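Small disclaimer: the values here were computed from a predicted structure and weren't measured.
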Amino acid sequence: GNKRLKFEDKQQWHAHQITILINTLNSRTVSVSPSRVIGMIKQQQTTPAQACQIYSLCRSLPKKDIIYYHAYMNFLGKRKTIEDALNILGDMKRDGVHPSIVTWNILISLYCGQGKSEDAMSVYNNLKPNKFYPDLITFAILINHFAKKKEITQVSKLIDEMKAASFHPDVVILNSLISMHCSLNDIPSALSVFNDMKRQTIVVSISYSTIIHNLALIPSELGQALTLFDEMRHEEYQADVTLYIHLMK
């Protein structure tokens, strides 16, 4: 009968899957779906050496797919250094692969993730001069970053630029604004954003949780927090355990 391989742990299983993928890429007789390659590079168990080997094999394929470069750039920026990630831009140029707005979004996200606001904004400010145009994801990354830093002036500037580019804030951006206003103890502004979301019917459970949690911290606003909590349950949004505990205190 067929022999079933047994693995002692997930790391062994992962190493086996890596070996299969590398052998398949080497053989070039069987096509490998990009999602499988990207998924393997993203795996936490994938070592830098394994990711490098997979990336090198993908670069040698007849068809150069930009998503392989993006996946490895993201891997390097998170697992090694942004300088390593920047080297992928050189690989793309040598291989005749042109950057897209996704390329720059990855770089902006990596800079934001390491708290390098000036570098992130430098990439953003150089988009249009190089004939690239920010998309909603570009704005979401930057607004979320500066909202966490409570830099309301920068957030307002980015929102104005986003609207000028004919984009409207999505639920991720609006939740970031709620969190920022709450962290600045500006409950009226947080409620204004929240009520706008309700009018647009784009409220999600985290929107309720954020506003309720912060209202409950203010004794005079506890009644409103409980009202919104009842509303949240009535609308059948899922409340996490920490919210129940917080309101019971």
Side-chain angles (χ1 to χ4, degrees), residues 7 9-117 119-124 126-127 130-145 148 167 170 172-173 176:
F7 301 101
D9 54 36
K10 288 182 179 179
Q11 190 64 43
Q12 273 191 356
W13 179 87
H14 180 74
H16 178 67
Q17 295 300 313
I18 289 279
T19 301
I20 292 173
L21 177 60
I22 288 171
N23 289 341
T24 306
L25 288 169
N26 263 321
S27 72
R28 300 199 182 184
T29 55
V30 181
S31 62
V32 180
S33 71
S35 60
R36 182 183 169 198
V37 175
I38 304 310
M40 201 59 75
I41 291 175
K42 284 182 176 179
Q43 289 283 328
Q44 188 62 38
Q45 299 99 318
T46 301
T47 66
Q50 290 170 333
C52 181
Q53 190 174 3
I54 294 169
Y55 168 69
S56 297
L57 287 168
C58 289
R59 280 188 73 193
S60 69
L61 295 173
K63 184 183 177 183
K64 312 296 182 189
D65 196 322
I66 195 171
I67 63 174
Y68 299 133
Y69 298 85
H70 287 164
Y72 193 50
M73 176 186 283
N74 204 34
F75 177 92
L76 289 174
K78 290 178 177 177
R79 300 279 291 276
K80 295 188 82 177
T81 68
I82 292 182
E83 287 67 31
D84 290 311
L86 286 168
N87 289 334
I88 304 303
L89 294 173
D91 290 348
M92 292 171 69
K93 187 175 182 179
R94 283 185 287 274
D95 295 347
V97 177
H98 300 289
S100 69
I101 188 60
V102 176
T103 314
W104 305 119
N105 283 346
I106 290 169
L107 195 53
I108 289 170
S109 179
L110 291 172
Y111 278 130
C112 287
Q114 294 193 15
K116 297 182 177 181
S117 303
D119 290 317
M121 286 304 297
S122 177
V123 175
Y124 170 75
N126 279 293
L127 290 176
N130 288 289
K131 297 183 179 179
F132 289 96
Y133 296 92
D135 58 12
L136 186 60
I137 293 172
T138 317
F139 289 112
I141 293 166
L142 287 167
I143 290 169
N144 184 54
H145 171 70
K148 285 180 179 176
F167 291 110
D170 63 5
V172 174
I173 292 172
S176 292

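- Distance alone, capped at 3.5 Å, is enough to place a donor-acceptor pair between the Asp170 side chain and the Val172 backbone.
- More than 12 non-hydrogen atoms from other residues, nucleotides or ligands lie less than 6.0 angstrom from CD of Glu83.
- Within a 6.0 Å radius of NZ in Lys78, no more than 12 heavy atoms belonging to other residues, nucleotides or ligands are found.
- Here the straight-line distance linking atom CG of Leu107 with atom CG of Asp119 works out to 8.5 Å at 0.5 Å rounding.
- Looking at Phe132 and Pro99, their side chains come closer than 4.5 Å, going by heavy atoms from C-beta outward.
- Smallest separation of non-hydrogen atoms from Asp95 and Arg59: OD2-NE, 2.6 Å.
- Between Pro34 and Asp65, the closest heavy-atom pair is CG-OD2, 4.3 Å.
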Inset, instruction - Mind running side chain to side chain contact (heavy atoms under 4.5 Å, CB included) on Ile18 and Ile54 for me, showing each step along the way? - result: CA-CA 9 Å; Ile18 289 279; Ile54 294 169; 3.8 Å; yes

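- For the side chain to side chain contact (heavy atoms under 4.5 Å, CB included) test, residues two or more places apart in sequence or in another chain that qualify with Ser176 are Asn144, Ala147.
- Put simply, the side chain of Thr46 gets close to the backbone of Met40: a donor and an acceptor are under 3.5 Å apart.
- In this structure, CG in Asn105 is found 5.0 Å from CG in Asp135, a value given to the nearest 0.5 Å.
- For the atom pair CZ (Phe75) and CG (Asp84), the distance works out to 10.5 Å, reported to the nearest 0.5 Å.
- Residues Ile141 and Ser109 share a closest heavy-atom pair of CG2-CA, 3.8 Å.
- Under a cut-off of 6.0 angstrom, the local environment of CG in Leu127 is crowded, with over 12 non-hydrogen atoms contributed by other residues, nucleotides or ligands.
- Listed here is the closest heavy atom pair of His145 and Ser117: NE2-OG, 2.7 Å.
- The closest side-chain heavy-atom distance from Gln50 to His14 is below 4.5 Å.
- Atom-to-atom distance recorded for Arg36:CZ and Ile41:CD1 is 12.0 Å, nearest 0.5 angstrom.
- Pairs of residues two or more places apart, or lying in two chains, that qualify as ring pair (Phe, Tyr, Trp, His ring centres under 6.0 Å) and include a residue from residues 23-71 are Tyr55-Tyr69, Tyr55-Tyr72.
- In this structure, CD1 in Ile88 is found 5.0 Å from CG in Leu76, a value given to the nearest 0.5 Å.
- The two residues Leu57 and Ser60 have their closest heavy-atom pair at O-OG, 2.6 Å.
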Legend entry - Pair Leu89-Trp104, side chain to side chain contact (heavy atoms under 4.5 Å, CB included): steps then yes or no: CA-CA 10 Å; Leu89 294 173; Trp104 305 119; 3.9 Å; yes

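- Val97 and Lys64 make their closest contact through CG2-CB, 3.6 Å (heavy atoms, listed as atom of the first residue, atom of the second, distance).
- In this view, Gln114 and Ile82, Lys116 satisfy the side chain to side chain contact (heavy atoms under 4.5 Å, CB included) rule, not counting sequence neighbours.
- Looking only at side-chain heavy atoms (C-beta outward), Met121 and Leu142 come within less than 4.5 Å of each other.
- Considering OG1 of Thr138 and CD1 of Ile101, their distance stands at 4.0 Å, rounded to 0.5 Å.
- When side chains are defined from C-beta on, His98 does not count as touching Met92, because their heavy atoms never get closer than 4.5 Å.
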